[in-house]
Chemist: 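Quick one: the structure is below, questions incoming.
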Amino acid sequence: MFTSRMDDALTEARAAATRGEVPVGAVLCDPAGRVVAADGNRTRELSDPTAHAEILVIRAACAAAGSERLPGYRLWVTLEPCPMCAAAIAAARIAVLYYGAPDPRMGGVAHGARVFDHPQCHHRPEVYEGIAAGAAQSLLRGFFAARR
């Protein structure tokens, strides 16, 4: 049975915003549909430019699985992954990527680098975009509007 985890990813994004982080959240499920990792951006908190939500959940899931590869896993993210995160998704062999809002400026899936379209990309997940995009965009817009 299919269960969307985008609401959970949005919850993680809201938590990131309350920490002063760009509100992006991610949830990673194993092939049986169990949530194995959920987190939001923590780049400022950890003083780590790679601490994007996607990277954090991939690291946690790989540690739990005892493997650098996650075949059959599904990833929900509130924002189109950047090129770094898209490359990590490919390297981890994640089966399916669901994301919310597009990111025309910094995206790496449907915009910009289009990592999965490169001949050098050794794994291409199934991609479903626009899942709860309105809610994700609203969260991002509100966060940045409050900062200006």
Chemist: The criterion is salt bridge (Lys or Arg N to Asp or Glu O under 4.0 Å); which residues satisfy it with D8, sequence neighbours excluded?
Modeler: R5
Chemist: Roughly how far, to the nearest 0.5 Å, is the OG1 atom of T43 from the CG atom of L56?
Modeler: 9.5 Å
Chemist: Can you check whether H111 reaches E80 side chain to side chain, under 4.5 Å on heavy atoms?
Modeler: yes
Chemist: Please name the pair of heavy atoms, one in A13 and one in G25, separated by the smallest distance, quoted to 0.1 Å.
Modeler: CB-N, 3.5 Å
Chemist: Would I58 and V127 show up in the same hydrophobic cluster when neighbours are defined by side-chain heavy atoms closer than 4.5 Å?
Modeler: yes
Chemist: Are E45 and R19 close enough for a salt bridge, meaning some N to O gap below 4.0 Å?
Modeler: yes
Chemist: Just one of V109, V96, I89 clears the side chain to side chain contact (heavy atoms under 4.5 Å, CB included) bar with P125, so which one?
Modeler: I89
Chemist: Could you report the tightest heavy-atom contact between P81 and A86, atom names first, then the distance?
Modeler: CB-N, 4.1 Å
Chemist: Which distance, rounded to the nearest 0.5 Å, do you find between the CE of M6 and the OG1 of T11?
Modeler: 11.5 Å
Chemist: Quick check on the hydrophobic clustering: are I94 and V57 connected, directly or via other members, by side-chain heavy-atom contacts under 4.5 Å?
Modeler: yes
Chemist: If you round to the nearest 0.5 Å, how far is CG of L79 from NE2 of H52?
Modeler: 10.0 Å
Chemist: When hydrophobic residues are tied together by side-chain contacts of less than 4.5 Å, even through go-betweens, does L139 share a cluster with V27?
Modeler: no
Chemist: Checking H118 side chain against A113 main chain: does a donor-acceptor pair fall under 3.5 Å?
Modeler: yes
Chemist: By side chain to side chain donor-acceptor pair (under 3.5 Å), which residues pair with N41, not counting sequence neighbours?
Modeler: none
Chemist: Following the transitive rule for hydrophobic clusters with a side-chain heavy-atom cut-off under 4.5 Å over Ile, Leu, Val, Met, Phe, Trp and Tyr, establish whether F144 and V24 coincide in one cluster.
Modeler: yes
Chemist: Look only at the side chain of T78 and the backbone of A136, and say whether a donor-acceptor pair between them is shorter than 3.5 Å.
Modeler: no
Chemist: Is it the case that more than 12 heavy atoms not belonging to R124 sit under 6.0 Å from its CZ atom?
Modeler: yes
Chemist: Given C85 and I55, is the side chain to side chain contact (heavy atoms under 4.5 Å, CB included) satisfied, shown in steps?
Modeler: CA-CA 6 Å; C85 292; I55 299 296; 3.8 Å; yes
Chemist: Give every donor-acceptor pair under 3.5 Å between a side-chain atom in residues 67-77 and any protein atom, sequence neighbours left out.
Modeler:
{"unit_1": "S67", "atom_1": "OG", "unit_2": "R69", "atom_2": "N", "d": "3.1"}
{"unit_1": "S67", "atom_1": "OG", "unit_2": "R69", "atom_2": "O", "d": "3.2"}
{"unit_1": "R74", "atom_1": "NH1", "unit_2": "Y98", "atom_2": "OH", "d": "2.3"}

Chemist: Nearest 0.5 Å, please: how far is CD in E126 from CG in L97?
Modeler: 10.5 Å
Chemist: Please, which pairs that meet salt bridge (charged side-chain N to carboxylate O under 4.0 Å, His left out) have at least one residue in residues 54-63, sequence neighbours excluded?
Modeler: D48-R59
Chemist: Do side-chain atoms of R34 reach the backbone of D30 as a donor and acceptor pair under 3.5 angstrom?
Modeler: no
Chemist: Considering non-hydrogen atoms only, spot the tightest contact between V115 and C121 and give its length.
Modeler: O-CB, 3.4 Å
Chemist: List for me each residue that meets side chain to side chain donor-acceptor pair (under 3.5 Å) alongside E12, sequence neighbours excluded, and say none if there are none.
Modeler: none
Chemist: Between R147 and R44, which heavy-atom pair has the shortest distance, and what is it?
Modeler: NH2-NH1, 3.7 Å
Chemist: Please give me the minimum heavy-atom distance between A17 and P23, naming the atom from each residue.
Modeler: CB-CB, 3.8 Å
Chemist: Output side-chain donor-acceptor pairs under 3.5 Å for residues 99-108, partner residues at least two apart or in another chain, one line each.
Modeler:
{"unit_1": "D103", "atom_1": "OD1", "unit_2": "R105", "atom_2": "N", "d": "3.4"}
{"unit_1": "D103", "atom_1": "OD1", "unit_2": "M106", "atom_2": "N", "d": "3.1"}

